[in-house]
J.: 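Just passing along the structure, written as structure tokens.
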Amino acid sequence: MSDRKKMTLPGLFKKVADGQPLTMLTCYDYPTAYFQEQAGIDIILVGDSLGMTILGFDGTLPVKMDDMIRHSQAVRRGSANAWLIGDMPYMTYQPSVERAILNAGRFMAEASCDAIKLEGGAEMADRVTGIVRAGIPVMGHLGLTPQSASALGGFRVQGKGAVQAKKIIDDATALEEAGVYSILLEMVPDRVCKLITERAKNCFIISLGSGPHAHGQLLIYHDMFGLYPKFKPKMAKVFGDAGKVILDGLKQYAKEVTEKQFPQPENYFTISEEEYAQLCASLRR
Ligand code: KIV
């Protein structure tokens, strides 16, 4: 176990005030959470991207609340100290403020999350306020919001034009006024992200593919280790090709079993001569 202290909201804001960039990664399972805990990652997001990275869907819409709770519980077991955010899946907060509060509450009560995240701007302000009033910290999510990918014209950069960029800035203001402690900006141009970061007074900004000017950075874990075979987003930096290591290992395993090189004596268990003789004698009776 690590000797880290539990990350709290004041702890996150202190790092921001001290000018230390925040580290944030997605995570969906116990062993990965264990490693992220050891690495001292500040914020872990159990993203509904698990619909793609873990469950193999083409998007996030099929992900259910029960999927998110199950994976968030596993992540919490692996990381006691990171600031843990549960990502509200599709249609668990859009229909009503009441539904949003009840589902946000499940993340806190059933998975020991520290906060929730939801997608959308001004149109989600009443959901944000309702959840915050229920005592649950909320992270907003602007720019490319995958649950609205169809309406946004696909998985593409948002805010390249001045009009659209102004709307994202206005949405960030609306979310801050509604009470978010943080906003994630996904695939927004760097200077738009800079403007939003400079304007943020009571919340901090996290960038996913939105440049270096935010208060912190997020990467999708599977992208940073070559673990998502369908595609690699342009913005993702690969910090190690775990996918290749695993594939090479699997091919070697198949070869060694086929060629009868595996298992070797150190890979299995034996019975003593005496017990074996007794066993054979008992079978002859
Ligand atoms: O689900 C997720 O992992 C996310 C990121 C894409 C920000 O929301």
Side-chain angles (χ1 to χ4, degrees), residues 22-29 32-33 36 41-65 67-72 74-75 79 82-94 103-104 107 111 113 115-121 124 127-128 138-152 154-159 168 171-172 175 180-188 193 196 203-211 214-225 227-228 230-237:
L22 297 169
T23 55
M24 176 168 170
L25 289 175
T26 61
C27 183
Y28 319 99
D29 60 63
T32 310
Q36 294 193 11
I41 299 304
D42 295 315
I43 306 174
I44 291 179
L45 170 68
V46 184
D48 65 352
S49 51
L50 70 78
M52 301 159 86
T53 55
I54 300 292
L55 301 177
F57 293 116
D58 285 331
T60 58
L61 304 197
V63 176
K64 301 277 181 272
M65 197 62 203
D67 299 323
M68 296 303 300
I69 296 292
R70 190 78 162 160
H71 284 271
S72 302
V75 170
S79 172
W83 179 258
L84 182 63
I85 304 174
D87 200 10
M88 301 277 280
Y90 188 54
M91 287 301 146
T92 61
Y93 57 100
Q94 288 94 341
N103 282 313
F107 273 116
C113 286
I116 63 93
K117 175 174 87 59
L118 52 76
E119 300 181 7
M124 287 299 144
R127 273 64 163 178
V128 171
V138 179
M139 172 183 265
H141 181 168
L142 295 173
L144 172 59
T145 44
Q147 290 174 17
S148 321
S150 175
L152 296 176
F155 292 82
R156 48 168 53 176
V157 180
Q158 300 295 312
I168 295 172
D171 278 337
L175 287 179
V180 297
Y181 72 91
S182 177
I183 299 172
L184 169 67
L185 291 181
E186 179 172 352
M187 289 174 68
V188 168
C193 178
I196 293 172
C203 69
F204 58 81
I205 307 300
I206 301 288
S207 155
L208 172 58
S210 303
H215 300 112
Q217 295 294 323
L218 166 65
L219 275 181
I220 306 292
Y221 177 81
H222 282 58
D223 295 338
M224 71 186 288
F225 288 112
L227 290 169
Y228 188 62
K230 285 192 183 167
F231 66 87
K232 177 192 157 307
K234 172 182 176 292
M235 68 215 178
K237 176 172 175 183

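Note that the coordinates shown come from a computational prediction; the quantities given were computed from them, not determined experimentally. Start at 1 and go down the list; that is how both ligands and their atoms are numbered. Counting begins at 1 with the first residue of the sequence.
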J.: T26 heavy atoms, cut-off 4.0 Å: which ligand 1 atoms fall inside?
T.: 3 (O)
J.: How close do D42 and L22 get, heavy atom to heavy atom, and via which atoms?
T.: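 It is OD2-CA, 3.5 Å.
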J.: Which atoms of ligand 1 are found less than 4.0 Å from any heavy atom of S49?
T.: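 Per the distance check, 1 (O), 2 (C), 3 (O).
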J.: Should we count NZ of K234 as having more than 12 external heavy atoms under 6.0 Å?
T.: no
J.: Could you point out which residue of L84, D87, I85, I116 forms a side chain to side chain contact (heavy atoms under 4.5 Å, CB included) with V46?
T.: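 Option passing the side chain to side chain contact (heavy atoms under 4.5 Å, CB included) with V46: L84.
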J.: What residue and atom, counting heavy atoms only, is the protein's closest point to atom 5 (C) of ligand 1, and at what distance?
T.: I220 CD1, 3.9 Å
J.: Going by the order shown, which atoms of ligand 1 are within less than 4.0 Å of some heavy atom of L218?
T.: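 Listed by number with element: 7 (C).
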J.: Report, as yes or no, whether the 6.0 Å neighbourhood of atom OH on Y90 holds more than 12 heavy atoms from other residues, nucleotides or ligands.
T.: no
J.: Could you check whether any side-chain heavy atom of F155 comes within less than 4.5 Å of a side-chain heavy atom of M187, counting everything from C-beta outward?
T.: no
J.: Give the atoms of ligand 1, by number and element, whose distance to some non-hydrogen atom of H141 is under 4.0 Å.
T.: 7 (C), 8 (O)
J.: Under 3.5 Å between some N or O of ligand 1 and some N or O of Y28?
T.: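 No, no N or O pair falls under 3.5 Å.
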J.: Where is the nearest protein heavy atom to atom 6 (C) of ligand 1: which residue, which atom, and how far?
T.: E186 OE1, 3.4 Å
J.: Do W83 and M24 touch side chain to side chain, with heavy atoms closer than 4.5 Å?
T.: no
J.: Could you list the atoms of ligand 1 found under 4.0 angstrom from a heavy atom of L208?
T.: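 Per the distance check, 6 (C), 7 (C).
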J.: For atom 7 (C) of ligand 1, which protein heavy atom lies nearest, and how many Å away is it?
T.: L184 CD2, 3.1 Å
J.: Against heavy atoms of G47, which atoms of ligand 1 measure under 4.0 Å?
T.: 1 (O), 2 (C), 3 (O)
J.: Looking only at non-hydrogen atoms, find the nearest pair between Y181 and M139 and report the distance.
T.: CE2-N, 3.6 Å
J.: Provide, to 0.1 Å, the distance between atom 8 (O) of ligand 1 and the closest protein heavy atom, together with that atom's residue and name.
T.: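 Checked against all protein heavy atoms, atom 8 (O) of ligand 1 sits closest to K117 NZ, 2.9 Å.
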J.: Looking at every non-hydrogen atom in both residues, tell me the closest pair between C27 and I44 and how far apart they are.
T.: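 Shortest heavy-atom contact: CB-CG2, 3.5 Å.
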J.: Are any of the N/O atoms in D87 less than 3.5 Å from those in ligand 1?
T.: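 D87 vs ligand 1: N/O contact under 3.5 Å present.
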J.: Tell me, do Q217 and K237 make a side-chain contact under 4.5 Å, heavy atoms counted?
T.: no
J.: Hey, is E119 one of the residues with a heavy atom under 4.0 angstrom from ligand 1?
T.: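 No, E119 has no heavy atoms under 4.0 Å from ligand 1.
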